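Here the structure comes first, spelled out in structure tokens, and everything after it is commentary.
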There are 2 protein chains.
Amino acid sequence: MDDLDRRIVALLIRDGRATYAELGAEVNLSAPAVKRRVDRLLDEGVVRGFTAVVDPAAGGWRTEAFVEVYCSGAISPEALRHAWEGIAEVTNAWTITGQPDALIRVLATDVRHLEEVLERIRSAASIDHTETAIVLSTLVDRRVPASG
Amino acid sequence: MDDLDRRIVALLIRDGRATYAELGAEVNLSAPAVKRRVDRLLDEGVVRGFTAVVDPAAGGWRTEAFVEVYCSGAISPEALRHAWEGIAEVTNAWTITGQPDALIRVLATDVRHLEEVLERIRSAASIDHTETAIVLSTLVDRRVPASG
DNA sequence: GCTGAAACGTTCACAAT
DNA sequence: ATTGTGAACGTTTCAGC
């Protein structure tokens, strides 16, 4: 993971479909040399894969919310993961420090749908209660810290 | 945005570097037909672009936190966006309903670095106080609701 | 790491439906 | 309006250096 790797990764974050020739032109390397590095980065898990960045609203997901989850008793993170992975509308979930045990990001079509998802979240594990905050606007949207 | 578009988008979320021929084989379309659809989806903004999915830990980002921000007085979302966009470690920020005015996701190298980022966040706008929750584990990590 | 060459993918104009 | 075909061009992906 040298400086060349970091530059290639930064370029691939900006354009995940950039050709090896284009990447090579930016970092002064031949296309095969770039490919070998990208293959190695994929192998090492530095780059997990490539994906399309989709506008959720275009798919009808117009309501976004964060749900703080307070559990009752001891529940393993693995049990929570298993329960929430099966709920399609749960896009992200983390266990966290502080008063709530977990934080969930939910995408729903509307508030009515959100309420229905919250019921499924609560019934999927022995949960004490939840606190929901609806997203008003997205101010910053990156996956990793800004670089260049 | 018909069913064929949705299937192509789902395939591109799974593999953002899939060739048009591969996509076409899955949806029974020729490569040029798939390309025209993808070009249109990009044009319409349904697909915003393509990116590499990178492991933050591989880049040294081993500490993740969510920061609830309580503002003092009236601050425009635009002012908050401008202030936080300039902080590299702020990967995401949303204005939300409920007690806090905003929620921020931060990636830092360690807890010491996180504390330093929090200082920058607080001094970047007229903020009353913040409440930070450090991420213990990531249970679910998707961008959009699961589909297939 | 580079080069060369074959296989493969992309991207266009054009015809078909 | 959208698709498939064919051909030119660029890219990928080897092996050999």
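Here the structure is a predicted model, which means the values were calculated and not measured. We use all heavy atoms of the structure for the numbers below, so side chains are in, but hydrogens, waters and symmetry mates are not. Convention: sequence-line order gives letters A, B, ...; per-chain numbering from 1.
Between A:R81 and A:E78, at least one side-chain nitrogen of the basic residue sits less than 4.0 Å from a carboxylate oxygen of the acidic one, meeting the salt-bridge criterion. A salt bridge links A:D2 with A:R37: at least one charged nitrogen is closer than 4.0 Å to a carboxylate oxygen.
Using a 4.0 Å cut-off, some side-chain N or O of A:K35 falls inside it from OP1 or OP2 of D:dT13. Contact annotation: B:R17 side-chain N/O to C:dG9 OP1/OP2 distance is not under 4.0 Å.
Spacing between atom CG of A:L29 and atom P of D:dT13 amounts to 16 Å, rounded to whole angstrom units. Distance A:L4 CG to C:dG1 P: 7 Å, rounded to the nearest Å. When rounded to the nearest whole Å, the span between CG of B:L23 and C1' of C:dT10 equals 13 Å. Residue B:R36 contributes atom CZ, which lies 11 Å from atom C1' of D:dA1 at whole-angstrom precision. Put simply, OH on B:Y20 is 19 Å from P on D:dT5, counting in whole angstrom units. Across the protein-nucleic acid pair, A:R40 atom CZ and C:dG1 atom C1' stand 13 Å apart, rounded to whole Å.
Annotation: B:R40, atom CZ; neighbour count of heavy atoms from other residues, nucleotides and ligands within 6.0 Å is above 12.
Backbone-only engagement by B:T19 is indicated by non-hydrogen atom pairs under 4.0 Å involving sugar-phosphate atoms exclusively. Here A:R37 lies in heavy-atom contact (under 4.0 Å) with sugar-phosphate atoms only.
Between A:E22 and A:D39, the residue anchored nearer the 5' end of DNA chain D, judged by the nucleotide with its closest heavy atom, is A:E22.
The backbone N or O of B:E26 lies less than 3.5 Å from a partner atom in the side chain of B:R7, making a donor-acceptor pair.
Comparing D:dG4, C:dC2, C:dT11 against the side chain of B:A31 picks out C:dT11 as the nearest.
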